[in-house]
Amino acid sequence: MKPFVLLATRAEDVPADEEYALFLRYSGLRESELVRVRLEAGAMPPLDLDELSGIFVGGGPFNASDAPEKKSAVQHRVEAEFAALLGDVVARDFPFLGACYGVGTVGAFLGATIDRVHSEPISVVPVTMTDAGRDDPLLQELPPTFEAFVGHKEAISALPPSAVLLASSPACPVQMFRVGQNVYATQFHPELDVDGITTRIHAYADHGYFAGHELELTLDAVRRAPVSHPSRILRTFVERYAR
C-alpha cells in the first residue's frame with residue numbers, strides 16, 4: 001500500500017505526538033503507513049501525489065483570518081506551502097482530509113469567507129448532515145446527527161459555489177464540506193477522543209480558547225456527552241482510498 005501523509009503544525013510535543021497517535025488509532029494505519037510531517041519544524045518536503053494514497057491535515061494554532069502583520073514567518077510559510085499543495089490536490093481531485101485547520105487551508109484556497117463570527121468554544125456539539133452529507137460515501141456509517149468535539153476561533157461563514165456543504169452545527173454553519181469528489185475538510189475533530197481533547201485543553205490553556213478560571217468548566221464541557229461516531233470518518237477515508 002502507498003502511504004498516507006499527516007501534515008501537522010503543532011509546536012508542542014505532547015499534543016503533537018498524541019495527535020499522530022490518534023490518527024493512527026482511528027484510521028487503522030501503522031506508523032509505516034502514515035508519514036508525519038511537522039510543518040512548524042521545517043519546510044514541507046516535496047510530495048509526489050502519485051506515490052501517496054491520501055493526505056490528512058491535523059489541527060493547529062494558525063488562523064487564516066489573522067491580519068497578515070500578526071502572522072509569524074512560520075505561518076506565512078505554511079500557508080504558502082498549503083496553497084501550492086492544494087493547487088495540485090484540487091486540480092487532481094486527490095484524496096485529502098483536513099481536520100479543523102483543513103477548513104482554514106482549503107477554505108482560504110477556495111476563497112471562502114473565513115472570520116470569527118461562528119467560532120465555537122472547546123466543547124461537544126451536535127453536527128447535522130445536509131442532504132449531500134447523507135449521500136456522501138465518507139459519511140455513510142454515521143447517523144444524520146452526531147456529537148463531535150470542536151474548539152476554534154474562526155470558521156467559514158460562506159462557502160463558494162465550488163464547495164459542497166456536508167454538515168453544520170447550531171453555532172457554525174460549515175462543519176464539513178467537500179470539493180470535487182475526494183477533497184474534504186471538517187471544522188470538528190474526527191480524530192479526537194476524551195483523553196486527546198483533555199490533553200489539548202491543558203496544553204493550550206493559555207492560548208485564548210478559554211479564560212484561566214474556566215479550565216474545569218471546559219473539561220466538563222467535553223465530557224457532557226459521548227463522542228464515538230466522527231472517528232469512523234478516518235477509517236472510511238483509508239478504506240476508500242488506500243491503494
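At a threshold of 4.5 Å between non-hydrogen side-chain atoms, the residues Phe94 and Leu85 do not count as touching. Counting only heavy atoms from C-beta outward, the side chains of Val5 and Phe56 never approach each other to under 4.5 Å. With contacts defined as side-chain heavy-atom distances shorter than 4.5 Å, the pair Pro3/Leu52 qualifies. Val89 places none of its side-chain heavy atoms less than 4.5 Å from the side chain of Phe109. In this structure the side chain of Val127 never reaches within 4.5 angstrom of the side chain of Thr186, judged on heavy atoms. When side chains are defined from C-beta on, Val74 counts as touching Phe62, because their heavy atoms get closer than 4.5 Å. In this structure, Glu81 and Leu39 have side chains that are in contact, with non-hydrogen atoms separated by less than 4.5 Å. Inter-residue side-chain proximity for Phe149 and Ile122 is flagged as unmet; no heavy-atom pair is nearer than 4.5 Å.
Summarising the geometry, atom CG belonging to Leu24 is positioned 12.0 Å from atom CD belonging to Glu191; distances are rounded to the nearest 0.5 Å. Atom CG of residue Leu86 and atom CD of residue Glu79 lie 11.5 Å apart, to the nearest 0.5 angstrom. Expressed to the nearest 0.5 Å, how far CD1 of Ile201 lies from CD of Glu214 amounts to 11.5 Å. The distance from the SG atom of Cys100 to the NE2 atom of His189 is 3.5 Å, given to the nearest 0.5 Å. Distance check, rounded to the nearest 0.5 Å: CG of Leu138 to CZ of Arg178 gives 9.5 Å.
The list of ring pair (Phe, Tyr, Trp, His ring centres under 6.0 Å) pairs with a residue in residues 121-143, not counting sequence neighbours, is empty. Pairs engaging residues 46-68 under the salt bridge (charged side-chain N to carboxylate O under 4.0 Å, His left out) rule: Asp50-Arg92, Asp66-Arg116 [sequence neighbours left out].
Proximity of a side-chain donor or acceptor of Ser123 to a complementary backbone N or O of Pro121 within less than 3.5 Å is detected. Here the side chain of Arg36 pairs no donor or acceptor atom with the backbone of Arg38 at under 3.5 angstrom. Checked by atom type and distance alone, the side chain of Thr105 pairs as donor or acceptor with a backbone atom of Gly102 at under 3.5 Å. Using modelled atom types, one side-chain atom of Glu33 and one backbone atom of Arg30 make a donor-acceptor pair closer than 3.5 Å. Here the side chain of Asp93 pairs a donor or acceptor atom with the backbone of Asn182 at under 3.5 angstrom.
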Determine all donor-acceptor pairs shorter than 3.5 Å in which one atom belongs to a side chain in residues 220-230; sequence neighbours excluded.
from: Arg224; atom 1: NE; to: Val124; atom 2: O; distance (Å): 3.2
from: Arg224; atom 1: NH2; to: Val124; atom 2: O; distance (Å): 2.7
from: Arg224; atom 1: NH2; to: Glu147; atom 2: OE1; distance (Å): 3.3

Give every donor-acceptor pair under 3.5 Å between a side-chain atom in residues 150-173 and any protein atom, sequence neighbours left out.
from: His152; atom 1: ND1; to: Glu154; atom 2: O; distance (Å): 2.8
from: His152; atom 1: NE2; to: Glu120; atom 2: OE1; distance (Å): 2.6
from: Lys153; atom 1: NZ; to: His207; atom 2: O; distance (Å): 2.5
from: Glu154; atom 1: OE1; to: Ala64; atom 2: N; distance (Å): 3.2
from: Glu154; atom 1: OE1; to: Ser65; atom 2: N; distance (Å): 2.7
from: Glu154; atom 1: OE1; to: Ser65; atom 2: OG; distance (Å): 2.5
from: Glu154; atom 1: OE2; to: Ala64; atom 2: N; distance (Å): 2.8
from: Ser157; atom 1: OG; to: Asp115; atom 2: OD1; distance (Å): 2.6
from: Ser157; atom 1: OG; to: Asp115; atom 2: OD2; distance (Å): 3.0
from: Ser168; atom 1: OG; to: Pro173; atom 2: O; distance (Å): 2.5
from: Ser169; atom 1: OG; to: Glu120; atom 2: OE2; distance (Å): 2.8
from: Ser169; atom 1: OG; to: Cys172; atom 2: N; distance (Å): 3.3
from: Ser169; atom 1: OG; to: Cys172; atom 2: O; distance (Å): 3.4
from: Ser169; atom 1: OG; to: Gln175; atom 2: NE2; distance (Å): 2.9

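Contact between Glu19 and Ala8 at its shortest, heavy atoms only, is OE1-CB, 3.7 Å.
Every ring pair (Phe, Tyr, Trp, His ring centres under 6.0 Å) that Phe188 has, sequence neighbours left out, goes to Phe146. Remark: Asp131 engages Arg134 in a side chain to side chain contact (heavy atoms under 4.5 Å, CB included) (not counting sequence neighbours).
Under the 6.0 Å cut-off for aromatic ring centres, Phe82 and Tyr101 qualify, their centroids lying closer than that. Taking the centre of each ring, Tyr241 and Phe4 stay at or above the 6.0 Å mark.
Judged purely by distance below 3.5 Å, without hydrogens or angles, the side chains of Arg25 and Tyr20 never pair a donor atom with an acceptor atom. One side chain, Thr199 or Glu18, offers a donor N or O that lies under 3.5 Å from an acceptor on the other.
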I'd like to know whether Ile197 forms a side-chain contact (heavy atoms from CB on, under 4.5 Å) with Asp193, so could you lay out the CA-CA distance, the side-chain angles of the two residues, the decisive distance to 0.1 Å, and finally the verdict.
CA-CA 6 Å; Ile197 197 166; Asp193 55 22; over 6 Å; no
Worked verdict on Glu40 versus Arg77 for salt bridge (Lys or Arg N to Asp or Glu O under 4.0 Å):
CA-CA 9 Å; Glu40 87 292 342; Arg77 170 180 58 78; over 6 Å; no
Verdict with supporting geometry, Arg10 and Tyr204, side-chain contact (heavy atoms from CB on, under 4.5 Å):
CA-CA 11 Å; Arg10 299 185 186 280; Tyr204 300 117; 3.1 Å; yes
Stepwise, does the side-chain contact (heavy atoms from CB on, under 4.5 Å) test hold for Thr236 with Gln140?
CA-CA 9 Å; Thr236 301; Gln140 288 301 294; over 6 Å; no
Determine whether Phe96 and Val57 satisfy the following criterion, side-chain contact (heavy atoms from CB on, under 4.5 Å), listing intermediate values before the conclusion.
CA-CA 8 Å; Phe96 180 100; Val57 176; 3.4 Å; yes
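One hydrophobic cluster holds both Tyr184 and Val238 under the rule that ILVMFWY side chains link at heavy-atom gaps under 4.5 Å. Ile55 and Phe23 sit in two unconnected hydrophobic clusters of ILVMFWY residues. Membership requires side-chain heavy atoms under 4.5 Å apart, directly or through other members. With hydrophobic clusters built from ILVMFWY side chains whose heavy atoms lie under 4.5 angstrom apart, Val125 shares a cluster with Leu139. At a threshold of 4.5 Å between side-chain heavy atoms, the hydrophobic network of Ile, Leu, Val, Met, Phe, Trp and Tyr places Leu34 and Leu47 in two separate groups. Residues Val103 and Val78 share a hydrophobic cluster, clusters being chains of Ile/Leu/Val/Met/Phe/Trp/Tyr side chains in contact below 4.5 Å.
Salt bridge annotation for Arg200-Asp195: absent, with no cationic side-chain nitrogen under 4.0 angstrom from a carboxylate oxygen.
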